Structure formats: C-alpha cells, structure tokens
Amino acid sequence: MMRLPVLAVLTTLTVSTAAPVRAQTYNPDYPVCLQVYGRLSYIECAYTSLEQCRWSASGRGAMCIVNPYPGPKALMRPERNSQRHRRNY
C-alpha cells in the first residue's frame with residue numbers, strides 16, 4: 001500500500017525535473033563576451049576586443065568577460081604585416 005504513493009511522488013519529481021533546459025552557448029569565434037544582467041540575463045560572445053565590448057555595455061546592466069571557451073580562430077593573433085605602422089620622415 002505504501003509503495004504506490006511513494007512511486008507516484010518519485011515519478012512526478014522525475015518528470016518535472018527532466019524538462020528541457022536551454023543551454024548557454026558561447027561563440028568560439030570571438031574572444032570577448034558581453035554578460036547582460038536583468039530580467040532576462042544572457043551572455044553574447046560577438047566582440048573582438050574588450051574596448052569594443054565596453055562600448056556596447058556602456059549604460060546597460062552589463063559587463064565584459066573573456067570568452068571561457070574560445071576556439072582556435074579567436075586565439076589567433078593578427079599577422080605582423082597586416083598591422084599599420086607609422087613612418088617617421
């Protein structure tokens with residue numbers, strides 16, 4: 001007699017906790033992420049520098065963080081020839 005109510009409670013708990021949960025995703029192509037706080041909190045990884053992220057976070061309940069899962073593309077440094085060099089004449 002006691003097994004039926006216990007089994008019903010366990011089944012209910014198992015079904016209610018097994019609901020699908022949206023996983024947090026991090027874009028591995030960008031080294032910097034924006035973490036937004038508020039009623040809807042989220043992390044958006046779409047920035048190539050902290051300065052770029054700070055401009056987007058300005059005036060919002062947000063902060064910039066380093067991408068916890070950067071991919072190889074995000075870790076690559078720019079080539080030396082692609083940087084602008086100032087010449088002194």
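Given the structure is predicted, the values throughout are model-derived calculations rather than measurements.
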Quick check: are the SG atoms of Cys45 and Cys33 less than 2.5 Å apart?
-> yes
Indicate yes or no for a side-chain donor-acceptor contact from Ser58 to the backbone of Trp55 under 3.5 Å, with no hydrogens or angles considered.
-> no
Results of side-chain contact (heavy atoms from CB on, under 4.5 Å) for Gln52 - residues two or more places apart only | Tyr47, Thr48, Ser49
Report yes or no: do Val66 and Tyr37 belong to one cluster of Ile/Leu/Val/Met/Phe/Trp/Tyr joined by side chain heavy-atom distances under 4.5 Å?
-> no
Quick one: closest heavy-atom pair of Tyr30 and Asn67, and the distance?
-> O-ND2, 2.7 Å
Listed partners of Val36 passing side-chain contact (heavy atoms from CB on, under 4.5 Å), at least two apart | Leu34, Tyr42, Arg60, Ala62
Contacts of Leu50 that satisfy side-chain contact (heavy atoms from CB on, under 4.5 Å) - sequence neighbours left out | Val32, Arg54, Cys64
